[in-house]
There are 2 protein chains.
Amino acid sequence: MQQDRPEESEAIVEPERFNQARAAQSMAILEDYVEMIGDLIGEFGEARITDIAQRMGVTHPTATKAVSRLKREGLAISRPYRGVFLTDEGAAMAELVRARHRTVVDLLVAIGVPAETAELDAEGMEHHVSDVTLKAFEAFLERATSVSDTIEEAPRKG
Amino acid sequence: MQQDRPEESEAIVEPERFNQARAAQSMAILEDYVEMIGDLIGEFGEARITDIAQRMGVTHPTATKAVSRLKREGLAISRPYRGVFLTDEGAAMAELVRARHRTVVDLLVAIGVPAETAELDAEGMEHHVSDVTLKAFEAFLERATSVSDTIEEAPRKG
DNA sequence: CCGCAAGTGAAGCCTTGGCAACACTTCTGT
DNA sequence: ACAGAAGTGTTGCCAAGGCTTCACTTGCGG
Ligand SMILES: [Mn+2]
Ligand SMILES: [Mn+2]
Ligand SMILES: [Mn+2]
Ligand SMILES: [Mn+2]
């Protein structure tokens, strides 16, 4: 039941998964803010600190600090008392993040998760979905859609 | 394309999903450490700070600090220069977390994600999988297993 | 045009989760 | 028995992401 210590052996690659999780997490807030700012610009033509804060469920100084980081990382720009806007890079990220978010929600729903729960859980999960996994999700959804098409349409064609 | 501000209207429930994601995240490290400590105890009969740190991919003071939090939250106990052990509560959490981890990995693999990628992505995703979603995952896996049984075995039975 | 409400900024505090550097204890091999 | 290696603890640093409080700008309604 109780084995010896590994000495000079294995278990060296193990921690890599935690590093990846930490890296993903450090991007999570960036991604959520960029997506949200994109949403607000789409709806209102600008993204104001108060609106960002309200939608993110934080106070306005917290939103301000997050936007500072976005600016520092070249994803957004803003001037005092004016709204926040995305750089090209920020806008591109927003697009990807939005698409990934949708795919994750769709996948969860396809698996059988209630829509409301899917929306809640996806908000956290999405940031840990790698490109490879995202592709697998898309492929699965493609397949699932075909199958239900087959079930719903094809039978009366044959 | 560009509508008016909501004034006194909707969009008030929106931020709840970010709150949930933040709450889940604040549990993530607790969960990973508790699971890891459980693993080490299972393998070696004790969990030492150095081993914990190594497997988590952090330095030992970081692991020490995390264990302090576990103790503060009643999940672990330890005495100076002795190993770290789980309380009943901690052990129970470790069990649940381990099971959830397995389920998430299994689901990803069932969806078509390569095993290695599944392992990496699951480490971050797992913490955002609610009970409802977990149940849906289990149900899906159950179904998927039956279906592949049917495909692989039943045809020659009929 | 002007005063007030709303929006924004700035400062300072807290907690968490990283790190390095250094001090101390335990263990182990000779 | 003991010296050196390994393990552990402590301290102090940093950045991030929350918060409150207070000060300043803006934008409006009258
Ligand atoms: Mn999110
Ligand atoms: Mn999202
Ligand atoms: Mn994890
Ligand atoms: Mn895990």
Side-chain angles (χ1 to χ4, degrees), chain A residues 4-8 15-16 18-34 36-37 40 44 46-73 75-85 123-124 127, chain B residues 4-8 15-16 18-34 36-37 40 44 46-73 75-85 123-124 127:
Chain A
D4 265 9
R5 313 234 151 235
E7 298 291 349
E8 310 283 326
E16 199 43 44
F18 295 106
N19 290 325
Q20 169 163 321
R22 281 189 286 266
Q25 195 53 40
S26 88
M27 297 296 300
I29 281 201
L30 256 23
E31 293 172 350
D32 283 337
Y33 272 87
V34 151
M36 181 61 74
I37 291 168
L40 288 167
F44 304 121
E46 66 176 345
R48 304 189 317 171
I49 287 290
T50 296
D51 295 338
I52 297 170
Q54 181 176 283
R55 293 220 184 169
M56 296 299 296
V58 297
T59 59
H60 85 267
T62 297
T64 300
K65 205 182 282 189
V67 168
S68 297
R69 193 180 157 203
L70 292 185
K71 290 163 72 173
R72 190 186 352 128
E73 311 233 356
L75 297 167
I77 52 175
S78 78
R79 294 194 343 271
Y81 296 99
R82 299 297 143 192
V84 179
F85 300 90
E123 199 55 74
H127 309 286
Chain B
D4 264 8
R5 313 232 151 236
E7 298 290 348
E8 312 282 326
E16 199 43 45
F18 295 106
N19 290 324
Q20 169 162 321
R22 282 188 286 265
Q25 195 53 38
S26 88
M27 296 296 300
I29 280 203
L30 256 24
E31 293 171 350
D32 283 338
Y33 272 88
V34 151
M36 182 61 73
I37 290 168
L40 288 167
F44 305 120
E46 66 176 346
R48 304 188 318 171
I49 288 290
T50 297
D51 295 337
I52 298 170
Q54 181 176 284
R55 294 220 183 167
M56 296 298 298
V58 298
T59 58
H60 84 268
T62 298
T64 300
K65 207 183 281 191
V67 168
S68 297
R69 193 179 157 203
L70 292 185
K71 290 162 72 172
R72 190 185 352 126
E73 311 231 356
L75 297 167
I77 53 176
S78 78
R79 295 194 341 273
Y81 296 99
R82 299 299 144 193
V84 179
F85 299 91
E123 199 55 73
H127 309 286

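For the numbers below, each heavy atom of this structure counts, side chains included, while hydrogens, waters and symmetry mates do not. This is a predicted model, so every value here is computed, not measured. Residue numbers start from 1 in every chain, and the chains themselves are labelled A, B, ... in the order their sequence lines are given, proteins ahead of strands.
For the pair A/M36/B/F18, a side-chain contact is recorded, criterion being any heavy-atom separation below 4.5 Å from C-beta on. Inter-residue side-chain proximity for B/L70 and B/K65 is flagged as unmet; no heavy-atom pair is nearer than 4.5 Å. The shortest side-chain heavy-atom distance between A/L75 and A/K71 does not fall under the 4.5 Å cut-off. Proximity of A/R55 to A/L40: side-chain heavy atoms (C-beta onward) are separated by under 4.5 Å at one or more points. The closest side-chain heavy-atom distance from A/L30 to A/E73 is below 4.5 Å.
Taking OG from A/S78 and CD1 from A/I49, the interatomic distance works out to 6.5 Å, rounded to the nearest 0.5 Å. From B/R79, atom CZ reaches atom CZ of B/F85 across 9.0 Å, with rounding to the nearest 0.5 Å.
Rounded to an integer number of Å, the gap from B/Y33 OH to C/dG18 C1' is 9 Å. When rounded to the nearest whole Å, the span between NE2 of B/H60 and C1' of C/dC19 equals 11 Å. The CD1 atom of B/I49 sits 14 Å away from the P atom of C/dC19 (whole-angstrom rounding). Rounded to a whole Å, the CZ atom of A/R48 is 15 Å from the C1' atom of C/dG9.
A residue-by-residue look at B/T50 and B/R22 shows that B/T50 has its nearest nucleotide of DNA chain D further toward the 5' end.
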Quick one: which protein N/O atoms are closer than 3.5 Å to N/O atoms of nucleotides 25-29 of chain C? Pair and distance per line, please.
unit_1	atom_1	unit_2	atom_2	d
C/dT25	O4'	B/Y81	OH	3.1
C/dC27	OP1	B/R82	NH1	3.4

Tabulate protein N/O versus nucleotide N/O from nucleotides 11-16 of chain C, keeping only pairs under 3.5 Å, one per line.
unit_1	atom_1	unit_2	atom_2	d
C/dT16	OP1	B/R72	NH1	3.4

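Among the protein residues, A/T62 comes within range of the nucleic acid bases, having at least one heavy atom under 4.0 Å from a base atom.
Put simply, A/T64 has no side-chain N or O that comes within less than 4.0 Å of OP1 or OP2 on C/dT8.
A nucleotide of DNA chain D counts as in contact with chain B when one of its atoms lies under 4.0 Å from a heavy atom; the first and last such, 5' to 3', are D/dG7 to D/dG18.
For the residue pair B/P15 and A/M56, the shortest heavy atom distance occurs at CB-C, 4.0 Å. Nearest heavy atom pair, residue A/A24 against residue A/H127, reads CB-O, 3.3 Å. Counting all heavy atoms, side chain and backbone alike, A/Y33 lies closest to A/A66 at CZ-CB, 3.4 Å.
Listed for the A/T64 side chain is a donor-acceptor partner under 3.5 Å among the backbone atoms of A/H60.
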